[in-house]
Engineer: 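Dumping the structure here so I can ask a few things about it.
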Amino acid sequence: MSSRLEQRIEPELEQFIQNGTYKRLNYLSSPQGARVQMEDRGEVIMLSSNNYLGLSNEPTVVAAGKEALDRYGAGTASVRFICGTFTIHRALEAACARLVGTAASLSFVSAWNANEAVPGTLLTEHDLVISDQLNHASIIDAIRLAKAMSKCQGAVYQHGDLSDLDAKLTAAGDRRVKMVITDGVFSMEGAIAKLPDLIELCRKHEAVLVVDDSHATGVLGKHGRGTAEHFGVVGEVDMITSTLGKALGGAAGGFVAASAAVCDYMTQRARPQLFSNALPPTVAASALASIEYLEAHPERVTTLRENASYFRDQLLGLGFKPLPGETPIIPVILGETAAAIRMSDLLLKEGVFVTGFGYPVVPQGQARVRCQISAAHTRADLDQALAAFRKVGRQLGLI
Ligand SMILES: Cc1ncc(COP(=O)(O)O)c(C=O)c1O
């Protein structure tokens, strides 16, 4: 007999299947990489992972995790301020701050948690937070939570529209703290936030600028230092949040990078910090090794950029119209959700893993397949994937 809850959710699950929006999990039996072993599919080319620098299976990154397991064991077995914090966390936090160009940083078990902590911890009922319309779900939920908990005000500005933001900041009048939050790179579009303009506007209004650089850390800028390096403004962003679960080894974890005072305050007050365990030491060590690898091998970032621009140019040459951009996120808009899922299924049959995204992850009618390029891809990987795109594109009458 199903419970009332199951009676409610089972028809919804059935509806997802009918609508073609049901998400089936693909199981991998190999490490993440340019090519992976997918259960029941064999080897497939991976164009759907955030392993931008190909570090998730880099030998020094894996070895660092193993050594940390031997040295520190599995974990702290409680929250940091209660039971102690490992020296590897301190080393990681120094490296994160150094990488993105702030005085300090504080790690969290995910960037979701890091984002969740920022407005809820730092704002009060006298304050205001303004968010870009296309910000990541973790920022949207962080603001919902902050509004409920701290009673701060919230507002949303049109995506990338600095005059709308200017108007909203002006309307905020004498709010004590004004916080503006934006993604550095918008994950569904691959668009880059107009950081120099945002910095100028925030200075004009004495607002705090927070940039979620999860898709830019390790990706943008000559040395992979993120959106600020891309625009030559390292050190000028008040707060940067980012993930350790993408370019920096891909395991898990996130951080808030900011002034020493802000990080100290977060250590004192951030609820995901005070009431949840620290990153496992294996993960902290692998992330630290990833940052050290990146610092020693900036050429990985160059390879990533060259691979992304090659793939984008070739797609255009085939007759596809990917969204314009300069990041390794290359979306091809298809319209309806079912069309995106169908293309993704056909590509998978050709041995290429590209996820289709539909509403509500992206706006209605703008469903897409999103290619993500890695420095780990060889030209042979990319050419094989492009051959699959040509075949499937013709089959679907797209090119
Ligand atoms: C822009 C952005 N912020 C935050 C996150 C959350 O990252 P994490 O997996 O570390 O929680 C993601 C992950 O998809 C993201 O794309």
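The chain is numbered in sequence order, starting from 1. All values below were derived from every heavy atom in this structure, side-chain atoms included, with hydrogens, water molecules and symmetry-related copies excluded. Counting starts at 1 for both ligands and their atoms, following the listed order.
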Engineer: Tell me the protein heavy atom at minimum distance from atom 5 (C) of ligand 1, and give that distance in Å.
Structural biologist: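 I find the closest protein heavy atom is His136 CE1, 3.4 Å.
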Engineer: Per the side chain to side chain contact (heavy atoms under 4.5 Å, CB included) rule, which among Asp238, Val118, Ile130, Asp127 passes with Met179?
Structural biologist: Val118
Engineer: Any donor and acceptor pair, going by atom type alone, linking the side chain of Thr217 with main-chain N or O of Ser242 inside 3.5 Å?
Structural biologist: no
Engineer: Could you find the nearest protein heavy atom to atom 16 (O) of ligand 1 and give me its residue, atom name and distance?
Structural biologist: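 Its nearest protein heavy-atom neighbour is His215 NE2, 2.8 Å.
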Engineer: On the 0 to 90° scale, with breaks at 30° and 60°, tag the His136-Trp112 ring pair as parallel, tilted or perpendicular.
Structural biologist: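 Rings of His136 and Trp112: perpendicular, over 60°.
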Engineer: Does the Arg300 side chain pair with the main chain of Tyr293, one donor and one acceptor, at a distance under 3.5 Å?
Structural biologist: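 No; judged by distance alone, with no hydrogens or angles, the pair does not exist.
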Engineer: What atoms of ligand 1 come closer than 4.0 angstrom to any heavy atom of Ser138?
Structural biologist: 3 (N), 4 (C)
Engineer: Which atoms of ligand 1 are found less than 4.0 Å from any heavy atom of Thr243?
Structural biologist: 7 (O), 8 (P), 10 (O)
Engineer: Looking at ligand 1, is there an atom of it that comes within less than 4.0 Å of some heavy atom belonging to Gly253?
Structural biologist: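 For ligand 1, residue contact (heavy atoms, under 4.0 Å) with Gly253 is present.
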Engineer: Distance-only, no hydrogens or angles: does the Lys194 side chain make a donor-acceptor pair with backbone N or O of Gly160 under 3.5 Å?
Structural biologist: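 Yes, Lys194 side chain to Gly160 backbone: donor-acceptor pair under 3.5 Å.
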Engineer: Return the closest protein heavy atom for atom 3 (N) of ligand 1 as residue, atom name and distance.
Structural biologist: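 Closest protein heavy atom to atom 3 (N) of ligand 1: Asp212 OD2, 2.6 Å.
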Engineer: If you count the atoms of ligand 1 from 1 in the order shown, which ones are under 4.0 Å from a heavy atom of Ala111?
Structural biologist: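 Result: 4 (C), 6 (C), 7 (O), 8 (P), 10 (O), 11 (O).
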Engineer: Taking distance alone, with no angle check, do Trp112 and ligand 1 share an N/O pair under 3.5 Å?
Structural biologist: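 In this structure, Trp112 places an N or O atom under 3.5 Å from an N or O of ligand 1.
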Engineer: Of all heavy-atom pairs between His215 and Asn50, which one has the smallest distance, and what is that distance?
Structural biologist: CE1-OD1, 3.3 Å
Engineer: What do we get for Ser214 next to ligand 1 when only non-hydrogen atoms under 4.0 Å count, side chain, backbone, both or neither?
Structural biologist: side chain
Engineer: Would you find a donor on one side and an acceptor on the other, under 3.5 Å apart, between the side chain of His377 and the backbone of Ser374?
Structural biologist: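 Yes, His377 side chain to Ser374 backbone: donor-acceptor pair under 3.5 Å.
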Engineer: For ligand 1, which atoms have a heavy atom of Asp183 less than 4.0 angstrom away?
Structural biologist: 1 (C)
Engineer: What residue and heavy atom of the protein are closest to atom 14 (O) of ligand 1, and at what distance?
Structural biologist: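 Result for atom 14 (O) of ligand 1: Lys246 NZ, 2.9 Å.
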Engineer: Taking the six-membered ring for Trp, is the centroid-to-centroid distance between Phe255 and Phe108 below 6.0 Å?
Structural biologist: no
